[in-house]
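Because the structure is predicted, anything quoted here is derived from the model rather than measured.
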Amino acid sequence: GSFAETLTVSRATLDFHLLLFRLAPEIQRFLERLSDKRSNHYFGLIPMGVIARMRLAEQRVAFARLCERFKAEGGGRGKSR
């Protein structure tokens, strides 16, 4: 069977997670440090998947805008490592 089957996830789910490896290194490091539920949801698979499909320079701009929106909505007050 396929690797996805051995993990008991769909091929689409595996592909989506692997897509995150295309994110700029500093974005990946930011995501690794998230520890609260609201941040994990806000910076979840769907918005990060959209950003991961962009060129690196575009990723950085889009991610900065997402961070600004998060802070404007009261984010960033939770625990982080």
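For L18, the CG atom sits in a packed shell: over 12 heavy atoms of surrounding residues, nucleotides or ligands are nearer than 6.0 Å.
Here the straight-line distance linking atom CZ of R33 with atom OG of S35 works out to 10.5 Å at 0.5 Å rounding. Rounded to the nearest 0.5 Å, atoms CG (L23) and CZ (R53) are 10.5 Å apart. In this structure, the separation between CZ on R22 and CD1 on I51 is 13.0 Å, given to the nearest 0.5 Å. If you take CG on L45 and CG on L31, they are separated by 9.5 Å, rounding to the nearest 0.5 Å.
In plain terms, the two heavy atoms of M54 and Q59 that are nearest each other are O-NE2, 3.1 Å. Between F16 and G49, the closest heavy-atom pair is CZ-CA, 4.2 Å. L19 and A52 make their closest contact through O-CB, 3.5 Å (heavy atoms, listed as atom of the first residue, atom of the second, distance). Shown here for F21 and Q28, the closest heavy-atom pair between the two residues is O-NE2, 3.1 Å.
Contacts classified as salt bridge (Lys or Arg N to Asp or Glu O under 4.0 Å) and involving residues 40-51 (residues at least two apart or in different chains) are not found.
Every ring pair (Phe, Tyr, Trp, His ring centres under 6.0 Å) that F30 has, sequence neighbours left out, goes to F43, F63. Evaluation of the salt bridge (Lys or Arg N to Asp or Glu O under 4.0 Å) rule for R29 yields no partner, not counting sequence neighbours. Remark: R60 engages E26 in a salt bridge (Lys or Arg N to Asp or Glu O under 4.0 Å) (not counting sequence neighbours). Scanning for side-chain hydrogen bond (donor to acceptor under 3.5 Å, both in side chains) contacts around N40 gives an empty result, with sequence neighbours left out. The salt bridge (Lys or Arg N to Asp or Glu O under 4.0 Å) search around E58 returns R55, not counting sequence neighbours.
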